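Just so we're on the same page: letters track the sequence lines, and every chain starts at 1. It should be emphasised that the depicted structure is a prediction, and the values quoted were computed from it without experimental measurement.
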There are 4 protein chains.
Amino acid sequence: MDTWRTAIIDAGPDHIRVRGHDVLELMRDATFTDLIFLLHHDRLPSPAERRLMDAILIGVADHGAGAPSCAAARLAASGNRQSPSAAVAAGILTIGDEHGGAGSACMEMIAAGLSRARRDGVSFDAEAARTVDEATRAKTRLPGFGHRVHTTIDPRVDVLFTLAADSGLAGDGIRFARALEAAVRERIKPIPLNIDGALAAILIDLGLPSMVGKLLFIVGRVAGLSAEVLEEYTREKPMRIKFPVEYDGVPPRSNGK
Amino acid sequence: MDTWRTAIIDAGPDHIRVRGHDVLELMRDATFTDLIFLLHHDRLPSPAERRLMDAILIGVADHGAGAPSCAAARLAASGNRQSPSAAVAAGILTIGDEHGGAGSACMEMIAAGLSRARRDGVSFDAEAARTVDEATRAKTRLPGFGHRVHTTIDPRVDVLFTLAADSGLAGDGIRFARALEAAVRERIKPIPLNIDGALAAILIDLGLPSMVGKLLFIVGRVAGLSAEVLEEYTREKPMRIKFPVEYDGVPPRSNGK
Amino acid sequence: MDTWRTAIIDAGPDHIRVRGHDVLELMRDATFTDLIFLLHHDRLPSPAERRLMDAILIGVADHGAGAPSCAAARLAASGNRQSPSAAVAAGILTIGDEHGGAGSACMEMIAAGLSRARRDGVSFDAEAARTVDEATRAKTRLPGFGHRVHTTIDPRVDVLFTLAADSGLAGDGIRFARALEAAVRERIKPIPLNIDGALAAILIDLGLPSMVGKLLFIVGRVAGLSAEVLEEYTREKPMRIKFPVEYDGVPPRSNGK
Amino acid sequence: MDTWRTAIIDAGPDHIRVRGHDVLELMRDATFTDLIFLLHHDRLPSPAERRLMDAILIGVADHGAGAPSCAAARLAASGNRQSPSAAVAAGILTIGDEHGGAGSACMEMIAAGLSRARRDGVSFDAEAARTVDEATRAKTRLPGFGHRVHTTIDPRVDVLFTLAADSGLAGDGIRFARALEAAVRERIKPIPLNIDGALAAILIDLGLPSMVGKLLFIVGRVAGLSAEVLEEYTREKPMRIKFPVEYDGVPPRSNGK
């Protein structure tokens, strides 16, 4: 088999380095959030960048046992007590564009908007209106907008954007996201940015690629899934979960043999 | 369906609290590592506890793309480009007692040893010798000992134990782990504690349940898996990975029809 | 990397053989169930063995969308519409000793009972009584007994055992399982063998290793999970599933900063 | 929580029915392949349809331990010996548009081609040429074509198409797939249909929805994954797998603290 190439870890009997940094030094001095930033970027974060990353990871870690990710993890913890890994993995598998993963699509939408605004020399407000109108015509949802619980405002969004503004890290990503939110309100109805959208805007401003929108949600959510699995193992009996199901298919029939 | 009970998250339209703490406050002031500690314990960590947790999470995050967890994540990223979640989950599924998950078994071994030493009024050295001899007779491996790369010493262990000692957090867990290491050296041969063993000793001293030994490895490793998946998606073509396989089963035969 | 050895598939540009059988011949003449038997055994099944395997695989394929495996698959299909593989995998991850996987443990229990009965020259009834009493003393559940819906009799069990008897394949595995069922009834209370237990008894009589008890459940259940995932994708909107959760942890508190 | 609706299983204490058919009758009379067809269609198959389904499921079940799906399953079986489910699931997670899952995209391509040919009243040859030219212009790969081992012909394709022709089930799906193959040969270079493409053409002719292209590959492949996992558990030591990795990232650097 061909040798695999990697620019992440350089490990041997005498050294383990993460993107060039000695892991022992990092263990002594850095935070886990520093390492997460370093693993997905090509450098360690500034204190302000670290604060934003911490806020994002905390914001997405857990939103209650009823979310699909937590519920799937608990179902696996309920039926399969042999492997906590299996339960955590089952939770992660529910994360996609529809649950937790909208950050990536939102980053792509913001990046495309910024690129077109610059190319065409139009204002963010005009470009945001164009983006919203295109989604309306195509009958597609705008990723990063709307939440089934936080229908008027997601309070985590304001905290993130205030942290970004206070530390001087708010850039075009956040400005365009706010322009989108205004355009949605004017042209459709008030639908608030959700945490995926706020995360997307900030990650654009931090210079990270769009796939990180989904990956950081996973990294943060795993902390919550782990705690949910621990609670299910330690507090509940196996196989406690029953779902009410109603059959509405074809009536009884014979196989004709 | 019955309503599920949980002591982790209390979320509603106007509040999200993690074990009683307002998530907005945590986003402004706490670190992701604080949150991980809070989710698995019943309180926030002290600065010294946070430092140890950061060191553990950094220490386990990634040890190179050739580890089973990273390799499985890359295989899934190679064959299934539709879902980064699927790739991260595939990596997590390789984590068990044999890879990354020995921390839980080691915590149980240490806890049993401490409990027996106290019950019988014997020294940690005597109890450690008994534990090692029992494993020798039963022909079982001691969880938390040995590493296929770091065969004489795992440098991450010293960093963790030094951090614990310097901050006054080294307790009976670490003392018993060191006693075990000495007993192994005397009665079998020098086999160093590995990072799972060090993590186990520290988590015992932090008062966490044994399942956390496996779960924290998962939480830390996900940061590395996420970066490995990102690299595979962005740097490599799909389906690049081929394995050399040699067939040594029965020779060709007919199904007799 | 070392070349991997395998006795299952021999594949090259000009041939693909499964345990020595040309896959093209199998595609023309054999059934999928033949192939499943061949993959897990060292030969193709007789017609009677094929009939039993078909009955087992059909019996475990699906028991309704409310089972943990189906529910987890639907949750993943609900949140992650990018990867049907992820949804099927989430369902599989719920399968363990507690859900669907009891067949393996039951096979080990039966194998141990048969071995002890032969060694000690006691009847199956006496040995079954000993097995039940040991479980009672150890306060462990007997794997393969009891079902939360089919509380008095699991009708699939009779079908399987009748098929085995009619084809002359009922052996000591089934005899010992029936002895266990009688001993449970006399010494505890009537608890019927469930489908995992019936499957276990038959697989013992077919000469398969105990791990196949869990694996065959997975192979059969995947057919059902696949259909459940298809229904969720095609019939339901994403993120339709909400769980009722009640918080009963510590009251609100400040992080003291 | 709302009651879930389903048209697949109707199960109660006294009955289990699959799309209206009593599961006990099916266990006595039907094959597992019949059940797979029934679960994904709205009826049982004819003998000719059953033969084709058997051939497809056998054809995709396993192609050697070096395929990404098998390799990932073995990695999980190597590091996590607590849960065969986890190992099988890890294998499934590698299945996507790039590995095993091209059948769905190929079904969509064939369905679109058939629909356009009928709408515009053009021949399949003309429509196939248009499809190939569009893919050439868009620089996209044609799903269902090409294989890294079977570069000139995939022998499983001929077996499937001959079975379909001999039983009178070859329809427009197969005709259009052959027209595509000819158009590829004339306009690009000879690239053979692979098993995903053949499966796609047949499933179109059987009237199944495109998602089944990916799902049936999963259902068939699970039989192989199960056997691979069994072999890894029973024949190999844990953690045997090492990958050669070469670091080519940034040189060592300090974190500047």
> Among B:V212, B:L52, B:L215, find the one that has a side chain to side chain contact (heavy atoms under 4.5 Å, CB included) with B:L203.
B:V212

> Could you note down all residue pairs passing side-chain hydrogen bond (donor to acceptor under 3.5 Å, both in side chains) where residues 209-218 of chain B supplies at least one of them, sequence neighbours left out?
B:D97-B:K214, B:E108-B:S210

> Donor-acceptor pairs under 3.5 angstrom involving side-chain atoms of residues 7-16 of chain B: please list them, not counting sequence neighbours.
{"unit_1": "B:D10", "atom_1": "OD1", "unit_2": "B:H15", "atom_2": "NE2", "d": "3.3"}

> Test C:S69 against every option in C:H99, C:E228, C:H63 by the side chain to side chain donor-acceptor pair (under 3.5 Å) rule and name the one that passes.
C:H99

> Less than 4.0 angstrom from a charged side-chain N to a carboxylate O is my criterion; do B:R221 and B:D62 meet it?
no

> Examine whether an atom of C:P252 lies under 4.5 Å from a heavy atom of chain B, and if so say whether it belongs to the side chain, the backbone or both; otherwise answer neither.
both

> Run the salt-bridge test on C:R43 and C:E49 with the 4.0 Å N-O cut-off and return the result as yes or no.
yes

> If you tally heavy-atom pairs under 4.5 Å against chain C, which of B:T6, B:D248, B:V250 wins?
B:T6

> List the residues meeting salt bridge (Lys or Arg N to Asp or Glu O under 4.0 Å) with B:E134, not counting sequence neighbours, and say none if there are none.
B:R116

> Would you mind checking which part of C:R19 comes under 4.5 Å of any heavy atom in chain B, side chain (CB onward), backbone (N, CA, C, O), both or neither?
both

> Who in residues 73-82 of chain B is close to chain C, using a strict under-4.5 Å heavy-atom cut-off?
B:N80, B:Q82

